[in-house]
Amino acid sequence: MKVIRSRAPLRLGLAGGGTDVSPFSDLHGGQVLNATIDLYAHTILEPRSDGKLVLVACDREEHVCLDAAAPIVDDEPLRLHRGIHRRIVRDFNDGQPLSCTVTTFADAPAGSGLGTSSTMVVSVLQAYAEWLKLDLTEYELANLAYQIEREDLALAGGKQDQYAAAFGGFNFIEFGEDGRVLVNPLRVKPWVSNELEASTLLYYTGQSRESARIIEQQIENTREGRTASVEAMLALKEDASSMKEVILRGDLDRYPGILGRSWQAKKKMAAGITTPLIEQVYDSALDAGAQAGKISGAGGGGFMMFFVSPARRLDVVRALSRFPGELMNFHFTPYGAQSWAIG
């Protein structure tokens with residue numbers, strides 16, 4: 001039997017992150033600009049003939065062996081994997097059991113702020129689609145991933161990560177009422193992409209975080225109409241539109257100003273987005289020559305990104321080496337979720 005492999009790219013949230021979360025996106029409309037990078041969520045799917053369902057998350061050191069013919073219980077460990085399998089069996093296999101081994105791992109830890117969990121869902125779904133010959137469009141793949149996470153499993157979060165992982169590349173994504181999503185792929189000139197790569201430092205703080213708690217507070221702030229939080233998200237939405245223009249025009253002199261402004265607005269969305277360590281790292285990077293920076297993702301830890309002139313890059317690297325985190329090399333990738341069969 002053939003082995004299926006798949007991968008979906010993680011993303012950098014360049015601007016507008018958080019405005020993709022309901023109810024803000026339903027009430028005010030959300031706008032996000034993100035770009036996928038060559039760090040991935042990986043899946044290996046191996047069909048079985050013994051009636052077992054084996055789920056493995058290598059990076060989390062979790063493993064479960066189930067009877068594929070029995071109801072898949074919503075339980076830990078590997079609740080996400082169970083939820084994906086249950087939905088695939090229900091919607092695409094007429095409720096008939098599927099026996100297989102599904103193994104996953106990611107190039108960045110969960111809670112990194114690069115959309116790891118949602119990207120993993122897209123990667124696993126892409127593997128099932130390859131196995132079962134499902135003709136899913138990028139929109140259908142992303143929406144199914146969103147439904148499994150946010151509706152079936154009631155995990156708090158937004159919509160951008162699933163669409164970034166499915167489509168790949170630089171995307172300006174609009175979110176409206178009733179779950180409407182419109183992905184606008186950007187035709188970014190190669191020199192602009194190269195310059196952004198050369199000028200961006202990706203730094204892992206060493207602290208993963210539970211994004212759901214921050215997002216739940218953000219949701220509550222919107223529902224309660226708390227002015228500071230809502231105004232911050234409206235500012236972030238406008239920054240996404242401004243950042244899109246900057247990148248399309250190649251007007252990168254304006255880029256750090258928008259990035260820094262977005263970080264100041266983001267910190268007003270909910271408590272816990274920044275921490276003393278994050279502030280120390282941020283100030284040290286700017287003192288060493290970085291022009292701006294921000295957290296990628298919900299905040300509280302994970303990856304920080306800094307915009308710095310390539311001539312000052314090593315100065316910032318030296319400054320950040322005093323902290324317990326690590327720098328991560330990356331390149332932008334134009335490709336979304338991919339799958340292939342071997343054997």
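Residue numbers run from 1 in the order of the sequence given.
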**Q.** Reference residue R11; test side chain to side chain donor-acceptor pair (under 3.5 Å); the match among T116, D161, T36
**A.**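 The passing option is D161.
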
Q | Given K244, R261, Q31, the one that forms side chain to side chain donor-acceptor pair (under 3.5 Å) with D239 | A |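 Testing each of K244, R261, Q31 against D239, the sole residue satisfying side chain to side chain donor-acceptor pair (under 3.5 Å) is R261.
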
Q: Please list, chain by chain and in numerical order, all residues satisfying salt bridge (Lys or Arg N to Asp or Glu O under 4.0 Å) with R249, sequence neighbours excluded.
A: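 Result, salt bridge (Lys or Arg N to Asp or Glu O under 4.0 Å) vs R249: E245.
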
Q.
Using the salt bridge (Lys or Arg N to Asp or Glu O under 4.0 Å) criterion, which residues pair with E279? Sequence neighbours excluded.
A.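 Only K267 meet the salt bridge (Lys or Arg N to Asp or Glu O under 4.0 Å) criterion with E279.
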
So, does [X] use its side chain to make a donor-acceptor pair with the main chain of [Y] at under 3.5 Å?
X	Y	result
S296	G113	yes
S242	E238	yes
K294	Q264	no
D67	A69	yes
S118	Q162	no
R313	L201	no
S6	S123	yes
R150	G158	yes

How about [X] and [Y]: do any of their side-chain heavy atoms sit closer than 4.5 Å?
X	Y	answer
M328	L39	yes
Q126	L141	yes
N184	N171	no

Going only through I, L, V, M, F, W and Y residues with side-chain contacts under 4.5 Å, is there a path from [X] to [Y]?
X	Y	value
V3	I88	no
L136	Y146	no
V73	V102	no
L10	F330	yes
I44	V64	no

Pairs where [range] contributes a residue and the test ring-ring contact (aromatic ring centres under 6.0 Å, His included) is met, not counting sequence neighbours:
range	answer
residues 64-109	H42-F105, H85-Y128
residues 6-32	F24-H28
residues 283-303	Y204-F303

**Q.** Residues which pass side-chain contact (heavy atoms from CB on, under 4.5 Å) with A165, listed by chain and number, not counting sequence neighbours
**A.**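 With neighbours one apart ignored, the set is A8, T119, V122.
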
Q) For P334, what residues pass the side-chain contact (heavy atoms from CB on, under 4.5 Å) criterion, not counting sequence neighbours? A)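 P334 satisfies side-chain contact (heavy atoms from CB on, under 4.5 Å) with no other residue.
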
**Q.** salt bridge (Lys or Arg N to Asp or Glu O under 4.0 Å) contacts in which one or both residues fall within residues 82-93, not counting sequence neighbours
**A.**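 Salt bridge (Lys or Arg N to Asp or Glu O under 4.0 Å) check on residues 82-93 returns R87-D91, R87-D152.
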
Q.
Considering only residues two or more places apart or on different chains, which pairs with a residue in residues 17-41 satisfy salt bridge (Lys or Arg N to Asp or Glu O under 4.0 Å)?
A.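 Residue pairs with at least one partner in residues 17-41: there are none.
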
Hydrophobic cluster mates of [X], side-chain heavy atoms under 4.5 angstrom, ILVMFWY only, any path?
X	result
F167	V32, Y139, Y163, I173, F175, V181, L182, V183
V56	V54
Y335	none

Q. Does D50 come within less than 4.0 Å of K52, counting only side-chain N to carboxylate O?
A.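 No, this pair does not count.
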
Q | R48 and T101: CA distance, side-chain angles, deciding distance, side-chain hydrogen bond (donor to acceptor under 3.5 Å, both in side chains) verdict | A | CA-CA 7 Å; R48 301 175 66 100; T101 297; 2.8 Å; yes

Q.
Is it the case that the ring center of F172 lies less than 6.0 angstrom away from the ring center of F170?
A.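 Between F170 and F172, the centre distance exceeds or equals 6.0 Å.
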
